[in-house]
There are 2 protein chains.
Amino acid sequence: MRLSKRGEYGLRAMIALAEPAEKSDAPQMMQIKEISLREQISPKFLEQILLTLKNAGLLHSKMGVGGGYYLARSANEITLGQIFRVLDGPVAPIKCVSQMAYEPCGCPDEQTCGLRLAMSDVRNAIADILDNTSLADVTKRQSTVRKKLGIR
Amino acid sequence: MRLSKRGEYGLRAMIALAEPAEKSDAPQMMQIKEISLREQISPKFLEQILLTLKNAGLLHSKMGVGGGYYLARSANEITLGQIFRVLDGPVAPIKCVSQMAYEPCGCPDEQTCGLRLAMSDVRNAIADILDNTSLADVTKRQSTVRKKLGIR
DNA sequence: TAAAAGTATACTAGTACTATAGACTTTATA
DNA sequence: TATAAAGTCTATAGTACTAGTATACTTTTA
């Protein structure tokens, strides 16, 4: 049940972009280099990932000097589920329970397949979290934890 | 978030072995060939999978003529989580939230890493289902569905 | 017009996945 | 006691995927 590096890096980058800049509440524009440095990700690899996210409509970019990437929508309108699916594909552990990419899995009778029933529960549990957690939720939670620990 | 074929086949096989035989309530002994035929799995591949499950202590076997595989414990003492972990490894989507195979994931500060907090929720949701669903639960649910649909 | 920054593809080394093959061991039974 | 049925064990092969590099190109600003 693994999140790929692409997925991990993409999620980290999106969270970084969702963090409000110091003193300001506006989401920031950041450059590949900035993010790659801060999150310790190979800049060339990150480049690909951000491009994918951009082509999927989750990021916008500005080319040229002083350019960079920024969120296409506000942080509370982008969910972890959206990002995950772009980079890592369907959430479902097995195709026959996928909402976004259903395919029969070859069991004799799908309706009564016990594995399918159980995996369907798993899919729903994962999707429930990922689709109901926005980037804003994540950054909010981060700063709550920081405050509680007295950090920064 | 995918279940591998090994995991899928292994789970299917274990469920098949947990289904009580006709008229009897005792869990059955089945041969590789039987299971592979019934579940449409390459017998040689299934062989490996069952061996792994046996070496992990979830199955017992009888060699020689009239031999086969049978569950090492009763169906309500074997959970989907146990089977999953043997065949597909840790449940956690990212190593830094794994209970069974923790490893740092390289974020600057683990305590306040937003991705980690979210993925921890996901891990717990998956583990909660997998570790609290026994083979007996699965077969019970299967037969309930069958009854409701008036099948068999 | 030069440099900064994103865009787009192609490529590659390594690893994991999904099997397949073959030789070996154990057991029942004719 | 020989034979066949059945599990055991290890090696290997083809393919796909992963993670990352490389390179050439376009856009924008100063």
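Labels below follow one simple rule: chain letters A, B, ... track the order of the sequence lines, proteins then strands, and each chain is numbered from 1. No experiment lies behind these values; they were computed from the predicted model shown.
- Across all strands, G64(A) comes closer than 4.0 Å to base atoms (heavy-atom distances).
- When distances are taken from the side chain of L51(B) to each of dA8(C), dT20(C), dT8(D), the shortest belongs to dT8(D).
- Of the charged side-chain nitrogens involved, none lies within less than 4.0 Å of a carboxylate oxygen, so that D128(A) and R123(A) do not count as a salt-bridged pair.
- When rounded to the nearest whole Å, the span between CD of E47(B) and P of dG7(D) equals 8 Å.
- In this structure, of dG20(D), dG6(C), dT8(D), it is dG20(D) that holds the atom nearest to the side chain of Y9(A).
- OP1 and OP2 of dA5(C) both lie 4.0 Å or more from every side-chain N or O belonging to S61(A).
- Distances were taken from every side-chain heavy atom of V65(B) (C-beta onward) to each of dT27(C), dT7(C), dT8(D); the shortest belongs to dT27(C).
- Taking both residues in full, the closest heavy atoms of A18(B) and L135(B) are given as CB-CB, 3.8 Å, listed atom of the first, atom of the second, then distance.
- Annotation: of the two residues near DNA chain C, Q48(A) and G66(A), the 5′-most nearest-nucleotide partner is G66(A).
- Between dT29(D) and K62(A), a contact under 4.0 Å exists linking OP1 or OP2 to a side-chain N or O.
- In this structure, S42(B) does not reach the dT18(C) phosphate: none of its side-chain N or O atoms is under 4.0 Å from OP1 or OP2.
- Listed nucleotides: dT8(D), dA8(C), dT20(C). Nearest to the side chain of F45(B): dT20(C).
- Remark: P of dG6(C) and NZ of K44(A) are 11 Å apart, rounded to the nearest angstrom.
- At dC17(D), none of the side-chain N or O atoms of S4(A) fall inside 4.0 Å of OP1 or OP2 (strictly under the cut-off).
- The M63(A) side chain lies nearest to dT7(C) when the options are dT8(D), dT21(D), dT7(C).
- The distance from atom CD of E34(B) to atom P of dA5(D) is 15 Å, rounded to the nearest whole Å.
- At whole-Å resolution of the value, CG in L53(B) and P in dT8(D) are 12 Å apart.
- In this structure, M30(B) atom CE and dG7(D) atom C1' are separated by 16 Å, rounded to whole Å.
- Between D88(B) and K5(B) no salt bridge is recorded (no basic side-chain N to carboxylate O distance below 4.0 Å).
- For L50(A) and dG6(C), the CG to P distance is 8 Å, given to the nearest whole Å.
- Ion pair D121(A)/R116(A) not flagged as a salt bridge, since none of the NZ, NE, NH1 or NH2 atoms sits closer than 4.0 Å to an Asp/Glu carboxylate oxygen.
- The separation between R6(A) atom CZ and dG20(D) atom P is 12 Å, rounded to whole Å.
- Atom OH in Y70(A) sits roughly 16 Å away from atom P in dA5(C) (whole-Å rounding).
- Comparing G7(A) and K33(B) against DNA chain D, the residue whose closest nucleotide sits nearer the 5' end is K33(B).
- We find that E34(A) and R38(A) are not joined by a salt bridge, their nearest charged nitrogen and carboxylate oxygen being 4.0 Å or further apart.
- Comparing atom distances between the K5(A) side chain and each of dG20(D), dA5(C), dA19(D) picks out dA19(D) as nearest.
- Tracing side-chain contacts under 4.5 Å through hydrophobic residues (I, L, V, M, F, W, Y), one reaches I151(A) starting from L117(B); they form part of the same cluster.
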